[in-house]
Structures are given as C-alpha cells and as structure tokens.
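Everything numeric here is computed off the predicted structure, so don't read it as measured data. By convention in this document, chain letters (A, B, ...) are assigned in the order of the sequence lines, proteins followed by strands, and residues within each chain are numbered from 1.
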There are 2 protein chains.
Amino acid sequence: MAPRKPSARVTIRTVAADAGVSVAAVSKVLRNAYGVSDALRAKVQESITRLGYRPHAAARGMRGQSYTLGVILPDLTNPFFADIMAGIDAALERTEYQPLLGVGQSSPAVELELVDAMLDRQMDGLILLGPRMTIDRVAAIAERAPTVVMAHHPVGPTRFDTVNDDDQLGARLIVQHLAGMGYRSIVYFSQDLQFNESQVTYHREIGYRAAMTEAGLGRYISVVMAEQAPREVRTLVRQLLQGRPRPEAIFCWTDFIAFEALSVARELGLSVPDDVAIVGYDNTRYCDLAQNALTSIDQSGQLLGLQAARLLVERIKGREEAEHLVITPRLVVRASTVRKNAVSTGN
Amino acid sequence: MAPRKPSARVTIRTVAADAGVSVAAVSKVLRNAYGVSDALRAKVQESITRLGYRPHAAARGMRGQSYTLGVILPDLTNPFFADIMAGIDAALERTEYQPLLGVGQSSPAVELELVDAMLDRQMDGLILLGPRMTIDRVAAIAERAPTVVMAHHPVGPTRFDTVNDDDQLGARLIVQHLAGMGYRSIVYFSQDLQFNESQVTYHREIGYRAAMTEAGLGRYISVVMAEQAPREVRTLVRQLLQGRPRPEAIFCWTDFIAFEALSVARELGLSVPDDVAIVGYDNTRYCDLAQNALTSIDQSGQLLGLQAARLLVERIKGREEAEHLVITPRLVVRASTVRKNAVSTGN
DNA sequence: TTGTAGGCGTTATCAT
DNA sequence: ATGATAACGCCTACAA
C-alpha cells in the first residue's frame, strides 16, 4: 500500500525558492504585511497558486493566528441555530477565518471543556451561543481570548461583546398581541435554570410581567418552569391544560416547547386557538407548517450571526471597548393565536 | 487595561523542571509511550495537575497528532444529526480526541473547502456525514487522511470506512407496511441530485422499486425529485396532491420533506391518512408530535455516530483494511399511515 | 525592500 | 529507564 502522503509538503520555503525570493517576503505577502513591492507580490502569488501552497495552520498557530474561530452551540436540535450559522458563514465568507463548531450539550461543564479544547487549539476567538454557564465564567473566558456572546445578556461592564435580540420587547409584543385578541390568563412557560439574570428566558419573563401589568392582567401573571427534556415539558403542559381554570394562552420561551404544547393540546382534544392559544419564540422554519401555524417572534438569526462574526473579527483585530448589539424582534402572527370563531360569531 | 495573558504559559518544560525530570520523560507520560517507570509517571502526573498544564495543540500538530477530529455535516436544520453527534460525543468521551464540526451547506464546493480547512489544521481524521460530493472526491480525501463516511454508500473497494443503515431495507419496510395497509399508488419523493449511486436516496429508491414490484404494485412505481428548498418541495407536493389520480401514499426520503407534505395536505383540506398516507425517514423527534404523528424509519443516529467515531479512532491508530458497517433500520408506525375510518365503518 | 536567524511547544530519534 | 536534541512550518525582530 502506498503511504498516506506520497507528495512532499509545499512549505513557505518551497514557494520562496520557486519565486526566487526569501521566506520573509512570502510570509509578508501571505499576511498582507507592510513593505512588499507589487512586483514581488505578483511573483509570489503566482508561485503560490501554481504550487497549490496552503499555509500550515498549526505552524501559524504557534507564532501568530490560527485563523480559526470557535462557535459553541448548546445543542443541534434547535433549527434556529442553523440561521445563526448561516449568518456567521456569510460574514466570514471572504475572510481567511474558518468557523468550527462545538456542541455544549446544554451543560456548563461540557461548555467549559469545549472552551478549553478550543483555546488549546489556539483559536483566535470564540462565539458563545446561549451559554448555560454563569456570566462570571463567560467573563473569565473573555480574559483569555476575544469573545462574543449571543443570546446571553451582559450585566454591568464587560470585556466581551454581546449580540442579542430585545427579549423584553419580544415578550411584550407577544403579550400585547394576545391581550389585543382578548386573551387574559396568559401563562409564561420558561426554562428551569439556576437563577441567572443574563439568560434570555429571564429577560423574556421581565417583559412578560411588565406587559401583563400594563395590560391590566397583573392578576393573571403565572410562570411555569421546566427542564427542556420533552417528557417533562409534556407533563407540565398537560397539567396546565387539564387544570381548572385552564389558561387561555401559553407563551413558550422557544418554539420547540410550543410544538410540544401544540401536541399535548391536540392529544387532549383541545382546539388551538379556540380553547387555548399558543405562542413560540424564534420563528424557526417549522412555525410555517400548517400543522403548527405557530405565532412566534422573529429575531433574524442570520442577522444576529452576521453581526456576531463581524464583532469578533473586529475584536481580534484589536478593538478593546465592548459592544453590545440589540436587534429589534418582530412578531409573526399565525393561526395559533387568531380565533376562528370570530367569523362564526359574525354569521 | 491588563494584557490578555498575564500568566506565562505552562509548557512541557515547566512541568519537566517542576518534576525534576527531562522534557522527553514528560512527553512520554503524556503519550503513554513505552519506557517510563511508575515512579516517574506519578511524579510527572502530579506536576501536571498541580500546574494545570495543558498540551499546546498547535505545537502537537506540528510534530504528532492534533487530537482533533473533523465532522462535516450537510446542514444544521435536520435534527437527525443531533442524534449522530450525541453518538460521536459518547464514543469520544473518554479519549483525548475532540470532535469539531463544520457545516457543508449541502454544497460539494463548500464541503471540499471545509475538508481543506480541516486538513490545514492538522486534523487527525474526518467524519463525512451524507457528503454531497462525488465518491471519487471522497476517495481522494481518504488518501490524505483517515476518513469515515456516514450515510453514503461505498461502491467497490475503498480506503475509507463507511457506516450506513440498510437504506434498501428501510425503503422496503415502508412499502411493505403501506401495501399491507391497502395503499397501492405509492410515490417515492426523492432528492434532486446529480445521479450518484452512493447517495442514500438512490439506495432507498432501489428498495422502493424492488418492494413495489414484489408487492405486485410495479405499475404504480413513481419517483419524484426535488431540490431541498422548502418552497420547491411544497410546490411539487401540491402538484402531486392535486393531480388526478391523486396518489394514495407518499414516501418521503427524509422526515423534513414529510412534514412539508403534511402541511400541504392540510392546506388542501385532505385528511392524513384517509385521503393520503405520508411516511418519512430518520424518525427525528418531531415525528412524535401529535400534529405530525409521522410513520418513519428509525436508523438509530446515536449508534451510527458511535460506530463511526470508533472506526475513525481505530483507523487513526493504524488499521488499513476498510470496514463497512450496516445498521438494521426499524419501522415506527404512527397515525400518518393508519386509517381511522376502519373504526367509523364499523359503526 | 529584502534576507537571516532564532524561537514557538511538541515529538521522536538516538545516546547514555 | 531516562535524557539531550534535532526537526516540524511559520512569524518577526533585526540586519543589510
């Protein structure tokens, strides 16, 4: 059997020899560094493409940058992350930076291992997506490498950037919409995390409470929390829907929970939205399916991802002051909150 | 502002000095290499944990392994990949290997770029998940690095391993089930790829055709192909369902397509499964939702992922002969293919 | 503007 | 069983 690598590696030295210049010159061309003549640059570029030279990332990582960005996602089941990644990819399209993903399994411990693994690998920067770890851990990471955090709100001054949608506003839009449609007892279905004021669920709760009060529905305020395991979600939703009095609407902190809620409602023979309205958050592609027709909040994952990648590259290039971007969310109304009997009453 | 890294790096030299041994000795302990006394090993281990030493992956990548494995997924929207990743993570749990993901965007060009990027970064091996590139490209990659391919069937002898479910059998199970329930005109809804006999869709088509013929339904054989963009899928499904005669059942090559089909059926006011039965493939978690209740094929993503990671590590450790694993799929029947009017006729 | 000479942290060969 | 040391490919003072 032939050995795995028959052809010798093309190094910066090969290129230099081929182009008849020094290695330093080639390195400078590679990094767009100062002090190379156009003629030299052209010669080198020509040799690079002809020889098919590719810089050895590990060697780069030892001295300079690795041109690798780490992205840590909590899980792979939420299609919302696909939109975000699309945005990140788009932002990095024309740069040398390569995003590489790790899955944090919604576990602070795994997330931290992943961060270490990525920094061991000399990644130039990190994007943390909805991290479950506490915010002081995030702060500690930001001391070690340029960091941008998404779907995780800053508290106080930070040394990392954040990109979020306005979760309080999103929740308000939902409550206002539901109240406008005549729903009064609106339950907020949140996630069971150790109390952490940087979590999006917490911000949505604030918005929910404020909007309920403003709408004169303060006495209907009710927050339920569940682990995100489907079974537990279903059990809790079932309890809610079988309770007396049954809530008129459920605002789920993310679409996935809302889909489970739709499922339970159907199993119980309840009509959505006539017996109970259901709302999600993230406006993932499954909301559009007729069997879901889920009213939800669109926070434009693409845009969020794009901005996050942009901020990270800026920071790698030297920016020191933290930037905190907030995207304005948009309500997308579908059948899950629009009563059909409005028509039948008319007849 | 404090500089990013106030504390000097703990290198193998620091550890060696601390433990009072040579650098070579530490390196041997790190790699479990032959020829270290227990006493020395203990001393070194102690220093390592006390100093919190972590090997510098880039430096490792220059001489030895990087202990990084690249996983390339076609996209992030299919929750089936979450199961596979869970299996990969589980297999790698107790090893030094770290899986890192790249998203191929269902594009051969992007996939190839990703492969280059990963090999530039000295990854020790690659797992290609449902690659869209042609099989000779895959073969070329396998010459450059240890490679395991999932959801992509080998043709002829190869230098890479594969892990697949028995796609022909899966398709047969579906057709047999549908035929047994009395459905005759069963359409196979496949993916529009340049013809490539290694794609799973192709294997499912073979199984479909064979099973249809065996069931005496040869004259009903009908294959439709679509790009995977939701809009095109919906358009084609709508054409199918509005056609005369309308097919009695649609077997979709993957769950996601089936969910779209369910949606279109509902929009057209058709009952599933009374007017049309719908089947998916992968048994993703959304199949269980009452609003989908989708009959599907379970191919145990966890197991697939686990095996793939195991094979890859074996191969990195030196195995030369290719292994080709095939997992047996299992039919999971739900309401989307079980006629309800069997009951109503009884009344 | 271009070239030379370490040095980054690790592995692996070769002595001892 | 242990240790000294030469690579690995690139970056960056510094020198020319």
Is there a donor-acceptor contact under 3.5 Å from the side chain of [X] to the main chain of [Y]?
X: Thr14(B); Y: Ile12(B); value: no
X: Thr147(A); Y: Ala145(A); value: yes
X: Arg159(A); Y: Ala140(A); value: no
X: Thr95(A); Y: Ala91(A); value: no
X: Asp120(A); Y: His56(B); value: no
X: Glu111(A); Y: Arg132(A); value: yes

Rounded off to whole Å, could you give me the [atom1]-to-[atom2] distance for the [X] and [N] pair?
X: Gln122(B); N: dT11(C); atom1: CD; atom2: C1'; answer: 13 Å
X: Arg63(B); N: dT5(D); atom1: CZ; atom2: P; answer: 16 Å
X: Leu30(A); N: dG9(D); atom1: CG; atom2: P; answer: 15 Å
X: Arg121(A); N: dT10(C); atom1: CZ; atom2: C1'; answer: 14 Å
X: His56(A); N: dA7(D); atom1: NE2; atom2: P; answer: 17 Å
X: Asp38(A); N: dT2(C); atom1: CG; atom2: P; answer: 10 Å
X: Asn32(B); N: dA12(C); atom1: CG; atom2: C1'; answer: 16 Å
X: Tyr34(B); N: dA12(C); atom1: OH; atom2: P; answer: 17 Å

Most 5' of Gly20(B) and Arg31(A) on DNA chain D, judged by nearest nucleotide: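 Counting from the 5' end, the first nearest nucleotide belongs to Gly20(B).
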
Which nucleotide, dT4(C), dC11(D), dG9(C), lies nearest any side-chain atom of Ser27(A)?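 That would be dC11(D).
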
Any side-chain N or O of Ser22(B) below 4.0 angstrom from OP1/OP2 of dG3(D)?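 Answer yes for this pair, as a side-chain N or O of Ser22(B) is under 4.0 Å from OP1 or OP2.
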
Counting only side-chain N and O atoms of Ser37(A), is one of them less than 4.0 Å from OP1 or OP2 of dT2(C)?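 The answer is yes; a side-chain N or O of Ser37(A) sits under 4.0 Å from OP1 or OP2.
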
Measure distances between side-chain N and O atoms of Arg60(B) and base N and O atoms of dT10(C), and say whether any donor-acceptor pair falls under 3.5 Å.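 Absent.
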
Polar atom pairs between nucleotides 13-15 of chain D and protein, under 3.5 Å, N or O only, would you list them?
none

Under 4.0 angstrom, heavy atoms only, what part of the nucleic acid is Tyr53(A) near: base, sugar-phosphate, or nothing?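 Contact class for Tyr53(A): sugar-phosphate only.
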
With distance as the sole criterion, is a donor-acceptor pair present between the side chains of Ser37(A) and Arg41(A) under 3.5 Å?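 Result is no, nothing qualifies.
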
